[in-house]
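Worksheet for the structure shown next.
Just so it is clear, the values below take in all heavy atoms, side chains as well, and ignore hydrogens, waters and symmetry mates. The chains referred to below are lettered A, B, ... by the order of the sequence lines, with proteins before strands, and numbering in each begins at 1.
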Amino acid sequence: MQLDALLANLDDEQRRAVTHGEGVLLVAAGAGSGKTRVLTTRIAWLLATGRARPHEVLAVTFTNKAAREMVERVESLLEGPLRGGFVGTFHRFALQLLRRHPREAGLPERFAVCDVDDQKRLLQQALKSMNIAEAELPLKVARARLSAAKNALLRPEELMQQARTPLEERIASVYRLYQDQLRTAGAVDFDDMLQLSVELLERQEGVRRALQERFRWLLVDEFQDTNVAQARLVRLLGGPRPNLTVVGDEDQSIYRWRGAEVENILRFEEAYPQTTVVVLGRNYRSAEPILAAAAALIGHNSRRRPKHLSSQAGTGAPVAVLEAADEIDEARLVIDELAVAGGGTAAVLYRTNAQSRPFEAELVRRGVPYVVVGGTRFWERAEVKDAIAYLRLVVAPHDELAFRRAVRVPARGVGEAAMEHLARVAAELGVSLPEAARRSPAGLSPRARVALEDFFALLAAVADAPGPAAAVRLLLERSGLQEQYSLDDEEDRARRANLDQLLAAAAEAGERGLDLAAFLDEVALLTDADAPTSAAAVVLSTLHAAKGLEFDTVFLVGLEEGLLPLGRGEGESDVEEERRLAYVGMTRARRQLVLTWARLRRLYGHQAETRPSRFLREIPPALVKNRSFAGGRDAFRTHLPQPGRAHTEGPRAPGPATVNSAAPPRSPSGGGGGSAGSGRRSHPDGWRPGQRVRHPTFGFGVVLQVQGTAAQLKVVVYFDRAGRKVLIPSLARLERS
DNA sequence: GCTTGCGGTATTTTT
DNA sequence: TACCGCAAGC
């Protein structure tokens, strides 16, 4: 691509960031200022000008989705594939590094990656063996503390030294024990990946040098969310004369509770004195009043660089504030308003997942398609993890955690007693737990012994299967994992279908040339099928999950003291993070922003009076159109559009009578709304949003969204009875109906 | 060793 | 209100 063309559509600031040469660059990118565009164009520019060769580029993001998007956009700019460099998440980079140098990192050759469940189980074991009661140190707290320690690069000894109270000492001891057990199991957890990578690079000069020489260009997205370990990793990779670009916005830092250090970006110039700073100050997303309101709000934070964002998205309606009687009324008001808003994408954003309920109920009642972002995600579902545990054991025969999980499901008569016996035998023989089980030692019940023999025979067969798909298919057929779920129960059928999806994912990985081990590594780092950026449905999402998305209309709901900001207004820094959260929510809106609160809210079963959020007061009245309904619902509702054309594809529509009083949220008029993968066009592969389909397990549904093409084709379907599913039509038996 | 009932507890969750 | 994790029965 021509250089001119590459730079043609950038504003001055963006261009300055993109064409910065060597050295350290901080791009302070306000909401909607074209951050991703700058990052991707910069990579393309570095390559196109010959400053960087592809294999010298290391770009890190936080999510797989962001990484994927980055690759796609760079490739489209370059009009060709991007090969040789690394674009991916911090964790993927770290895992790759550890896989390449397990010895140097002090790990066994084929170490396992343990998931959250494994982690909890190990930790629980540790707590139990130390006789620590749940009341003294709840599992959750322990996990959070250990994670925080690891993210801060503290080893058990160091944590012990820092301990001020007996409880802190206990935590440090738990940490040590947990870590020992993890190593004995030959496993690393998520936080280890980063911590061990840092240690590896600090200790092994050769490895460090090699990486520094290879990756001459580093780029980091969402720098405001980095923790100590990640910042340190970046520092080590950069070496003495880094070519480092970081992009971020402290106002959108919302993961402090997970170890993110806003200081990393606020004090970046202290850490890298030679930094050039480019401020992207033009917002291309939100209409003027929305941006002004958001700016006024975030202006109340003190831990930030003062900045000006100017709207390039034109004027629009003032921000509306709606007062509802209670949370049910809130849902009704919002969906009413949605009907009036007409056209474009829309989202309801809330602080806590529990708030989605009334909205779901109301949307179902009216037959409006909707999508809930988050919830229990595919890869976290028990049935999927059970199957994965088997596969892990095939790849790493000594994976104790996988063994413990797999052997329990389906129940085969190997329970706690047998496990304890095996653990003793393992300790005596000095072998791993699965190895002990393989030897079928004396002292087991005959039933357990036979069960174990069958179990390992199955694993051997799976191991011999050619490729991941065959392995999964064999596993599902022979293990009973599929049969343990009935065909009558709705939940169970969904579980079966999820296992089918696992098979589909394995097949897809196989097509990409991955073997079973590589497939599992990928799975370990995967969390979700893509969150929808836009769909022919209303999006319900927590504020956290909405980061990075945008919608024509946004409803930010539950603006009450105690809910947003959440909690009991303890530390001021907590309130600042809550304010950032509200800010992130507001700046998701392109054309229209509606803020709501309810006078009464049912929380944990009790209804209580609320007070409007301080955040509402922090927005100047001039920017807001207040529409309070003292008596609840009246005048406004009479403005409801008439039912009109039936929107028959509505999910869970029991019959025409209840179908539709709200217009389809993405109306055919479209307007300026159609950005990502726009919904209505018919798809070359024959699937299009709105189409009715049928699936042998899920029954009837409607296509919400079509992503990708050909073999990569995925369709998002909202099933009347099973809800939202992402399917791969080439594998799932999906039919038009 | 696996299913039923009770009580305590409640954020947010990129990997 | 709802779920989850623990304690007692088949």
Side-chain angles (χ1 to χ4, degrees), chain A residues 60-68 88-95 113-116 119-121 124 128 133-135 138-140 143-144 147 150-151 188-194 221-222 224-227 229-230 252-260 327 349-355 357-358 373-377 379-380 382 407-420 445 447-448 451 484 521-528 530-531 541-549 558 562-568 574 577-578 580-582 584-585 601-607:
Chain A
V60 276
T61 60
F62 276 81
T63 66
N64 291 305
K65 190 179 155 214
R68 221 177 305 133
T89 64
F90 273 105
H91 287 83
R92 195 159 78 76
F93 178 79
L95 180 58
V113 176
C114 77
D115 61 30
V116 179
Q119 200 188 2
K120 282 187 190 157
R121 213 162 301 144
Q124 185 131 46
K128 207 169 182 180
E134 172 79 12
L139 182 63
K140 272 188 169 177
R143 207 165 74 88
S147 178
K150 289 185 179 194
N151 287 157
V188 300
D189 66 19
F190 265 89
D191 301 317
D192 279 341
M193 287 187 212
L194 300 175
D221 195 12
E222 306 273 22
Q224 77 280 355
D225 288 332
T226 52
N227 59 34
Q230 287 158 333
Q252 294 182 71
S253 166
I254 54 176
Y255 285 102
R256 198 173 78 107
W257 50 277
R258 278 188 71 131
E327 74 276 358
L349 307 181
Y350 38 77
R351 179 63 237 261
T352 67
N353 278 310
Q355 286 169 262
R357 266 163 215 259
V373 179
T376 316
R377 290 174 286 203
W379 299 103
E380 282 164 25
V407 83
R408 310 187 343 246
V409 217
R412 47 165 64 78
V414 182
E416 206 39 53
M419 280 316 230
E420 269 171 33
S445 71
R447 183 160 79 127
Q484 66 178 321
D521 265 355
E522 192 177 89
V523 164
L525 297 174
L526 225 60
T527 39
D528 194 9
D530 331 6
S541 169
T542 63
L543 287 164
H544 283 94
K547 189 164 127 187
L549 306 181
L563 191 58
L564 185 62
L566 187 69
R568 288 200 173 275
D574 290 334
E577 177 130 331
E578 296 291 315
R580 290 194 288 267
L581 218 29
V584 166
R601 184 171 296 272
R602 186 169 284 280
L603 210 57
Y604 310 140
H606 281 292
Q607 201 168 50

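Checked for salt-bridge contact, Asp225(A) and Lys547(A) meet the test: a charged N lies under 4.0 Å from a carboxylate O. For the pair Asp521(A) and Arg92(A), the salt-bridge criterion is not met [side-chain N within less than 4.0 Å of a carboxylate O]. Between Glu578(A) and Arg351(A) there is a salt bridge, since a side-chain N of the basic residue sits under 4.0 Å from a carboxylate O of the acidic one.
Considering every non-hydrogen atom in both Cys114(A) and Gln119(A), the closest pair reads SG-N, 4.2 Å. What you find for Arg580(A) and Ser253(A) is that their closest heavy atoms are NE-O, 2.6 Å. Ser147(A) approaches Asp191(A) most closely through the heavy-atom pair OG-OD2, 2.9 Å. Closest heavy-atom contact between Gly413(A) and Ala448(A): O-CB, 3.9 Å.
Across all strands shown, Asp225(A) has heavy atoms under 4.0 Å from base atoms, whether or not it also approaches the sugar-phosphate. Nucleic acid contact class of Gln355(A) (heavy atoms, under 4.0 Å, all strands): none.
The distance between atom CG of Leu566(A) and atom P of dT13(B), rounded to the nearest whole Å, is 12 Å. For the pair Leu543(A) CG and dT13(B) P, the computed distance is 9 Å after rounding to whole Å. Note: CD1 (Ile254(A)) to P (dT12(B)) measures 13 Å, nearest angstrom. In this structure, the CZ atom of Arg580(A) is 18 Å from the P atom of dT12(B), given to the nearest Å. When the C1' atom of dT11(B) is taken as reference, atom CZ of Arg143(A) falls 14 Å away, rounded to whole Å. Here dT13(B) presents its C1' atom at 15 Å from CD of Glu222(A), a figure rounded to the nearest Å.
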Letter by letter from the 5' end, nucleotides 1-10 of chain B scores (B base, S sugar-phosphate only, - none; protein heavy atoms under 4.0 Å) SS-------B

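Annotated as anti: dT12(B), whose glycosidic dihedral deviates from 0 by more than 90°.
Think of the region where chain A sits on DNA chain C: with heavy atoms and a 4.0 Å cut, that region ends 5' and 3' at dT1(C) to dC6(C).
Here Tyr255(A) does not count as stacked on dT13(B), because the ring centres are not under 5.5 angstrom apart with planes under 30°.
When the options Lys120(A), Lys150(A), Arg143(A) are evaluated for a salt bridge (Lys or Arg N to Asp or Glu O under 4.0 Å) with Asp189(A), the one that passes is Lys150(A). Leu349(A) pairs in a side-chain contact (heavy atoms from CB on, under 4.5 Å) with only one of the listed residues (Leu543(A), Leu564(A), Leu581(A)), which is Leu543(A).
In this structure, Thr542(A) does not reach the dT11(B) phosphate: none of its side-chain N or O atoms is under 4.0 Å from OP1 or OP2. At dT12(B), one or more side-chain N or O atoms of Asn353(A) fall inside 4.0 Å of OP1 or OP2 (strictly under the cut-off).
Of the residues near DNA chain B, Arg351(A) and Thr89(A), the one whose nearest nucleotide (by heavy atom distance) lies more toward the 5' end is Arg351(A).
Every side-chain hydrogen bond (donor to acceptor under 3.5 Å, both in side chains) that Gln355(A) has, sequence neighbours left out, goes to Thr352(A).
For Arg258(A) and dT13(B), a side-chain-to-base donor-acceptor distance below 3.5 Å is present, hydrogens and geometry of angles not being considered.
Look at the C1' atom in both dT12(B) and dG5(C): the space between them is 22 Å, to the nearest Å.
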